[in-house]
Undergrad: 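Just dropping this structure here.
So you know, we letter chains A, B, ... as the sequences are listed, proteins then strands, and number each from 1.
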Amino acid sequence: METVTMTLVQQPELYLECYSVTPDLFAGKSLAEIAELPAHEGKILWKLGDFFKFEGKSGATAAETKIVVNGNVKRMKRFGQQMTGGEIVINSDADMYVGGWMRGGKITVKGNADSFLGIAMEGGEILIEGDAQNHVGSAYRGDWRGMSGGLIRVKGKAGNDIGTAMTGGTIIIEGNAFIHVLTHAEGGTVIIKGDVEGRVGGQMVKGDAYIFGNLLYPLPGFKKIGTVEKEVDGTTYTFDQYIGDLGERKTKKKGEIIYGNIYMKI
Amino acid sequence: MSEIIIKNGYIFDPISGIKGDKADISIKDGKITDKVSSKAEVIDASGRTVMAGGVDIHTHIVGPKVNLGREMRPEDKLFRGSFRGGILKQGKHMEMGFSIPSTWKTGYSYARMGYTYANEAAMPPLMAPHVHEEIRDTPIIDISAMPVFGNNWFCFEYIKNKEIENNAAYVAWLLNATKGFGIKIVNPGGTEAWAWGDNCVTINDPVPFFDITPAEIVKGLIETNEYLGLPHSIHLHGNNLGNPGCYETTLDTLKLAEGYKPKNKFGREQVLHNTHIQFHSYKGDSWGTFESGAREVMDYVNSNKNITVDIGAVTLDETTTMTADGPFEYHLNQLNHIKWANVDVELETGSGIVPYIYDKNIKVCGIQWAIGLEIALFAKDLMRVFLTTDHPNAGPFTRYPRVIKWLMSQKAREATLDTMKYKDKVIAASHIASMDKELGLYEIAMMTRAGPAKALGLSSMYGSLAKGADANIAIYDLDPTNIPSDPELIEAAFQNTAYTLKEGVVVVKDKQIVAEPHKYTIWTKVNMPENAQVMHDVKEKFTKNYTVNLENYAVFDEHVHNPRAIEVEVA
Ligand SMILES: [Zn+2]
């Protein structure tokens with residue numbers, strides 16, 4: 001694995017779209033070529049080299065390339081968008097769309113991430129050491145295809161709309177979450193280790209939510225069917241199992257109706 | 001005055017019967033002429049194909065349902081271009097969207113494909129102002145729009161009472177009020193029935209509360225159309241669209257035209273245009289037994305000269321379906337569960353919108369793709385069978401070049417078949433694999449400009465390189481004496497012209513938009529004596545039933561962008 005270190009030397013006046021910061025686009029390029037990659041500030045087209053200085057060396061492929069981002073990039077969006085492999089480490093907060101449409105590799109954000117973290121993600125891993133905002137692992141606005149694979153772990157708390165229209169993969173929020181979890185989901189797993197305000201599983205066709213803390217306002221479309229033991233994130237716990245959303249269409253597998261599940265830790 | 005001469009191109013002009021001869025085309029003051037002075041600007045077309053500007057007879061590009069599609073599908077703009085959702089700047093405005101592009105992208109894309117005319121296939125009369133605002137905002141191409149009449153309460157009552165003259169006066173009044181072009185019919189009776197949760201799936205199902213059948217509606221509107229002598233015939237999307245076995249309803253519907261003769265001064269020879277016939281050519285009694293009915297339908301079309309059709313080819317894309325056929329959209333949403341919009345337009349029509357993915361790995365989608373192409377390949381007379389995708393229903397219009405590729409190259413069809421997961425099942429349920437016919441450029445010119453222009457009654461102005469026609473011209477980077485063996489190059493040539501001229505102005509050069517001259521709204525102005533009975537009925541309905549006042553109903557003149565009226569006299 002080769003490493004390219006990019007260090008902020010110039011803050012943009014507005015927010016900067018860093019969709020070019022991916023191992024895929026860095027791989028096989030010289031530092032000078034990397035500095036030429038595009039970045040938009042509003043409608044103005046810049047180069048990455050207008051804001052960052054680059055050191056180190058990229059690998060031949062995405063999988064062999066690691067990118068380390070230094071400096072305060074709290075106002076920069078779209079790190080790792082559509083990346084398929086390799087690694088990005090951001091030693092700062094980052095703005096929206098970190099790891100959006102990501103297909104492989106790993107992203108670590110040492111601070112907080114804003115909204116749309118890992119939306120429509122297909123594979124790979126995202127680790128946020130701080131908090132995330134809204135729409136973690138959701139679908140793009142209007143789209144019916146949310147996160148379908150991979151793992152997102154947020155060590156802190158998250159906002160609303162987690163895993164909307166999710167079809168696969170796992171989201172772990174270690175802190176609290178606000179409202180709308182797994183809305184319209186047709187698969188996937190969301191684990192919330194803290195409390196949730198409400199609206200978990202609205203119009204969920206399929207999928208699993210695990211809530212460790214309190215669920216303040218549960219939806220009426222779910223009913224309790226029993227108590228189960230499950231291993232979650234490496235440890236086994238006992239949960240009350242609820243199925244639903246009973247107001248939504250359901251699919252069948254081998255003659256059995258498949259429900260969405262909410263597991264409440266006892 | 002401005003003069004241009006296009007030199008040494010290979011000309012394909014079915015209206016003049018020119019089949020690829022090398023010749024020059026002269027243009028003076030925006031019209032085709034036979035001679036220009038030595039000062040004329042020269043465009044070199046040597047080694048290139050020259051055709052009249054393309055004419056799209058059936059497309060959904062402007063108006064409330066198109067715009068509702070844009071609103072409900074922000075994801076249609078995502079990653080569809082060079083930056084953040086297909087934003088491309090070439091003309092004066094950004095271009096966005098894929099299956100429901102912005103008005104700007106619509107105009108530019110048609111022009112880049114060498115098209116200069118498009119007929120919006122469904123205008124809800126009450127929403128006509130919105131249609132005209134979007135026509136204004138769609139650059140370069142001339143546009144007409146057809147109001148929908150097939151579920152209109154006035155028409156139901158006049159036709160039920162056999163008052164064709166009154167129905168004609170009402171149609172003439174509405175064409176004027178909406179600045180509309182002709183009579184569109186969508187699921188006759190069925191959309192009205194849908195307002196009661198019902199449908200009309202055969203031509204004999206009565207419409208609730210009106211005691212009229214689809215067959216009576218269609219025949220009544222044919223008689224009305226020919227009474228008026230409109231430039232275009234009735235333009236029909238029949239009953240039972242999209243269901244397995246629907247080809248029988250289609251044959252029943254087409255037979256309604258038997259015995260009717262066209263009556264008009266525009267050279268139109270059909271009395272019924274059946275649109276997107278691919279969607280109406282399904283055999284089988286379930287999705288499991290679904291198969292092509294293209295042969296049965298085209299056998300009938302081929303032997304009945306008073307019918308024209310457009311193909312509505314499936315392009316195997318993620319697209320957006322939108323139609324005034326409300327019940328159809330409901331059933332589609334029950335199949336794919338994506339998202340659904342449903343609208344009723346009081347007294348007149350309704351509509352629905354559902355995104356749809358024609359996935360090449362789904363058997364039915366593969367068969368639908370085959371049927372669209374089979375329609376064109378079975379056709380004996382391509383002056384009566386036109387290229388469309390029922391944009392955006394079976395695919396975006398920007399895929400016409402791909403459909404042309406499939407029609408011109410068996411190799412291209414085989415290559416697509418080879419990518420299908422259920423290739424063998426698709427082949428077993430269709431005819432496509434056994435068809436070795438490959439269309440030539442003259443036949444493509446028939447399907448894409450000469451034929452549709454004639455069926456619209458506009459061939460003296462559009463789709464023609466004959467003297468006096470508008471100088472709308474497409475020059476493609478395609479040498480007819482040396483058609484590339486790689487079919488992808490055919491698609492590329494039709495996607496972006498070397499030149500497109502609109503009324504004698506170069507609007508596309510080397511695949512780029514270079515000018516956005518003025519454009520027209522085409523509509524049909526019927527000059528006939530005022531009908532006191534009909535005006536009384538109109539006033540009464542507006543007092544009793546409509547939520548708007550009659551005075552606020554008609555499109556204001558300032559809403560209509562550069563109107564160009566086609567005039568019809570009725571004694
Ligand atoms: Zn249509």
Undergrad: Should the heavy atoms of other residues, nucleotides or ligands under 6.0 Å from NZ of A/Lys206 be counted, would the total exceed 12?
TA: no

Undergrad: Answer yes or no: is there a side-chain heavy-atom contact under 4.5 Å between A/Trp101 and B/Leu78?
TA: yes

Undergrad: Does B/Lys509 have more than 12 heavy atoms from other residues, nucleotides or ligands lying within 6.0 Å of its NZ?
TA: no

Undergrad: Check whether any side-chain N or O of B/Lys339 sits under 3.5 Å from a backbone N or O of A/Gly142 as a donor-acceptor pair, and report yes or no.
TA: yes

Undergrad: For the residue pair A/Trp144 and B/Glu75, what are the closest heavy atoms and their distance?
TA: CZ3-OE2, 3.1 Å

Undergrad: Heavy-atom count around A/Trp46 CH2 within 6.0 Å, excluding the residue itself: above 12?
TA: no

Undergrad: Rounded at 0.5 Å granularity, tell me how far CZ in A/Arg145 sits from CD1 in B/Ile338.
TA: 7.0 Å

Undergrad: How about A/Lys74: does its NZ atom have over 12 heavy atoms from other parts shown lying under 6.0 Å from it?
TA: no

